[in-house]
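Comments concern the structure below.
Whatever order the structure lists them in is the order used to number ligands and atoms, beginning at 1. Being a predicted model, the structure only gives us computed values, none of them experimental.
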Amino acid sequence: MLIKLFILSLACYIGESKNRNVLLIIADDAGFETEVYNNSVVHTPNLRALAQRSLVFSNAFTSVSSCSPSRSAILTGLPQHQNGMYGLHQGVHHFNSFDGVQSLPLLLGEANIHTGKSQSDLFIFELSNTHKNYFYVIFFSLIATGIIGKKHVGPGSVYPFDYAYTEENNSVLQVGRNITRIKLLVRKFFKTHKDEAFERRQKKEENKGDRDSIKDEERPFFLYVAFHDTHRCGHSQPQYGAFCEKFGNGEMGMGRIPDWTPEYYKPEQVKVPPFVPDTPTARADLAAQYTTVSRLDQGIGLVLQELRDAGYENDTLVIYSSDNGIPFPNGRTNLYHSGIAEPMLVSSPENRERWGDTSQAFVSLLDITPTILDWFSIPYPSYSLPGSPTDPVHLTGRSLLPALVKEPSSRHTVYGSQSLHEVTMYYPIRSVHQGAYHLLHNLHYRMPFPIDQDLYVSPTFQDLLNRTRLSQPTHWFKSLQQYYYRERWELYDTRSDPLETRNLASDPSLSAVLESLRQSLQKWQWETGDPWVCGPDYVLEAKLEPHCRPLYNGL
Ligand SMILES: *[C@@H]1O[C@H](CO)[C@@H](O)[C@H](O)[C@H]1NC(C)=O
Ligand SMILES: *[C@@H]1O[C@H](CO)[C@@H](O)[C@H](O)[C@H]1NC(C)=O
Ligand SMILES: *[C@@H]1O[C@H](CO)[C@@H](O)[C@H](O)[C@H]1NC(C)=O
Ligand SMILES: *[C@@H]1O[C@H](CO)[C@@H](O)[C@H](O)[C@H]1NC(C)=O
Ligand SMILES: *[C@@H]1O[C@H](CO)[C@@H](O)[C@H](O)[C@H]1NC(C)=O
Ligand SMILES: [Ca+2]
């Protein structure tokens, strides 16, 4: 009886069923230098067009301001201290996520739960769930996964993709910045996808004379396009300019990217973010960054055109964001607002009611994995990691899909966790941003804040060093000394002090705010199995009941 009812409901549902796919676009070190975020200088018509079909988040934050840790957090929903990717993955130091981590591509590849699509799938169904008023069919079909561009996470077994063109087997300039090549790789992904569906249909026809359309045989897909723009280039390929802005521009020795029309900006034109020194050198640096933004924007246009041409526009959730803050002082590698605030566009063809709106909700890149699982109706994973069998892993992020329908009333808090960037750059910070208040805990605040190689050689930072050394005006909002040596606790009122210049941690009138933020931060650290939860004045004794024991070290 139950089964009969189920089949009946399912039959109704099938009538309007369709595939659901995901296109996740992540830029590298990109910020708010776009029309979408009201920068009136830089031209980004393609991002603007995407924003018109998206909900635009103005309070989106990464949990960590470093490439691999952020990408691992995007793809697992777990902060770096929980998934194990403490620092940069590439090169000899090869930080990796723990072997037992269940990443998004792993979960999607193994997913055997999917909304019913065609009756031919019913031969192995089971009644599974009545979540969201839909009936679900279990059938043993996988979601096709693809990655094009910068991967920068490992090990391979934790982040498996069916289709992969990344720095692991290609030049990162080609798969991450050559937008013609990226366009062709996206086209190839869709073609491979359709060819596979065609083969499936042929097999079925041989067996059963089924008359489904090709589309009905298609698996859903998750395609991750990870641009290497707008990352700096001066440290690795200085011949192409500070931001690789000359790569492929058609000038002598630069090669050509046929689909890219470079846009050039004058240093006088750029909008200098308030946390960057306003000097001629920094302005020239930003003008180069803007040119690279034009390649990113045109690349996004090409990728979206491929999606449209392949007929997936109305079936595909598109998410655009970036992994960390822009590569300028106070930006990337910092958990200050300037290091963690990210652009974030979410475009759902099924939820058009808020297209073009701006949301003030506090959202985290830790929400991306829960959002994509929700879109595919796959339950959030529940498992234990070998190192901490008593601390079951559960996602602390939440799906963004409800926000696409209605502005959420309960999203005021995001958390941050940074441990390293390069292997030498140990500087653990934990943070919580709740409403107006932003609290940062610099665990080893007596050490100088470390500087990465890529930023170090940048014109802006070299200029800052020179000016400091020569006692010239830096035109920066803080001194290098202040930048290197921080207080243990930093508390900012970001509404009255968006640049985070006045530390209110010792303000007695805010002691209750400070205490409440410290407690929610601690709670999140325990919940996410943070090994740093007791530092620097206590030691974590993890045996039996984990707890913090005092060191009496004067902190
Ligand atoms: C850009 O400015 C407009 C007009 O002031 C405003 O409505 C919109 O929310 C801003 N967009 C973002 C993303 O801040
Ligand atoms: C990269 O890996 C993909 C498989 O994911 C393969 O098809 C492609 O040929 C490889 N490219 C190179 C240059 O080895
Ligand atoms: C970019 O890729 C296209 C297509 O593969 C190629 O023809 C072109 O030479 C590449 N450009 C550069 C600068 O490598
Ligand atoms: C997508 O949906 C819109 C609005 O419903 C429709 O106008 C358009 O033709 C659809 N595109 C495709 C490719 O189905
Ligand atoms: C900084 O000073 C050094 C040494 O005088 C000089 O070679 C370099 O060009 C300067 N860099 C910038 C960006 O001003
Ligand atoms: Ca990055």
Side-chain angles (χ1 to χ4, degrees), residues 16-21 23 30-42 44 47-61 190 194 213-215 218 232 234-235 238 241-243 267 271 273 276-288 304-318 320-322 327-329 337 341-363 403 407 451 454-476 480 494-495 498:
E16 44 187 330
S17 76
K18 54 183 190 173
N19 255 344
R20 282 180 154 194
N21 309 304
L23 171 63
F32 297 96
E33 289 66 32
T34 69
E35 289 175 43
V36 176
Y37 287 92
N38 289 335
N39 181 313
S40 53
V41 176
V42 68
T44 54
L47 274 167
R48 190 196 339 125
L50 178 60
Q52 282 158 3
R53 305 171 43 95
S54 302
L55 181 61
V56 176
F57 289 92
S58 57
N59 287 304
F61 300 95
F190 291 144
K194 287 176 193 291
S213 72
I214 297 181
K215 198 151 180 173
E218 272 181 21
R232 284 187 180 277
H235 176 60
F243 280 88
K271 283 193 160 182
V276 172
D278 192 348
T279 61
T281 305
R283 283 178 166 271
D285 218 7
L286 286 161
L304 293 176
Q305 189 59 46
E306 290 301 317
L307 187 78
R308 217 167 287 135
D309 292 349
Y312 295 121
E313 187 178 41
N314 284 351
D315 309 329
T316 304
L317 180 74
V318 180
Y320 167 73
S321 192
S322 170
F328 284 86
H337 186 277
E342 299 300 339
M344 168 93 94
L345 274 50
V346 179
S347 173
S348 162
E350 293 181 22
N351 303 93
R352 301 176 184 217
E353 43 278 63
R354 299 197 69 199
W355 276 11
D357 280 7
T358 303
S359 171
Q360 305 298 326
F362 275 39
V363 302
E407 179 73 0
I451 304 297
D454 183 51
L455 177 71
Y456 185 83
V457 299
S458 72
T460 300
F461 197 72
Q462 284 295 307
D463 185 43
L464 184 57
L465 288 176
N466 284 357
R467 287 168 179 270
T468 301
R469 180 167 46 83
L470 300 170
S471 305
Q472 291 170 353
T474 61
H475 304 287
W476 200 27
L480 263 185
T494 59
R495 298 236 166 100

Dump the intermediate steps for ring-ring contact (aromatic ring centres under 6.0 Å, His included) on His337 and Phe61, then the final yes or no. CA-CA 8 Å; His337 186 277; Phe61 300 95; 5.6 Å; yes
Would you mind writing out a table of all protein N or O atoms found under 3.5 Å from any N or O atom of ligand 5, naming both atoms and giving the distance to 0.1 Å?
from: ligand 5; atom 1: 2 (O); to: Asn466; atom 2: OD1; distance (Å): 3.0
from: ligand 5; atom 1: 2 (O); to: Asn466; atom 2: ND2; distance (Å): 2.2
from: ligand 5; atom 1: 11 (N); to: Asn466; atom 2: ND2; distance (Å): 2.9
from: ligand 5; atom 1: 14 (O); to: Asn466; atom 2: ND2; distance (Å): 3.2

Nearest-0.5 Å distance that lies between atom OH in Tyr320 and atom OG1 in Thr34: 7.0 Å
Which heavy atom of Thr474 sits nearest to which heavy atom of Pro277, and what is that distance? O-CB, 3.5 Å
Paired with Leu307, the side chain to side chain contact (heavy atoms under 4.5 Å, CB included) test is passed by just one of Thr316, Asn21, Asp315, namely Thr316
Which atoms of ligand 4 have any heavy atom of Asn314 under 4.0 Å away? 1 (C), 2 (O), 3 (C), 8 (C), 10 (C), 11 (N), 12 (C), 14 (O)
Sub-3.5 Å donor-acceptor pair from the side chain of Ser359 to the main-chain atoms of Phe57, do we have one? no
Under 4.0 Å from a heavy atom of Asn38: give me the atoms of ligand 1 that qualify, with their elements. 1 (C), 2 (O), 3 (C), 8 (C), 10 (C), 11 (N), 12 (C), 14 (O)
Do Arg53 and Ser348 have side chains that get closer than 4.5 Å, going by heavy atoms? no
Is Tyr37 in polar range of ligand 1, meaning some N or O pair under 3.5 Å apart? no
Please confirm whether the backbone N or O of Ala30 pairs with a side-chain atom of Ser322, one donor and one acceptor, at under 3.5 Å? yes
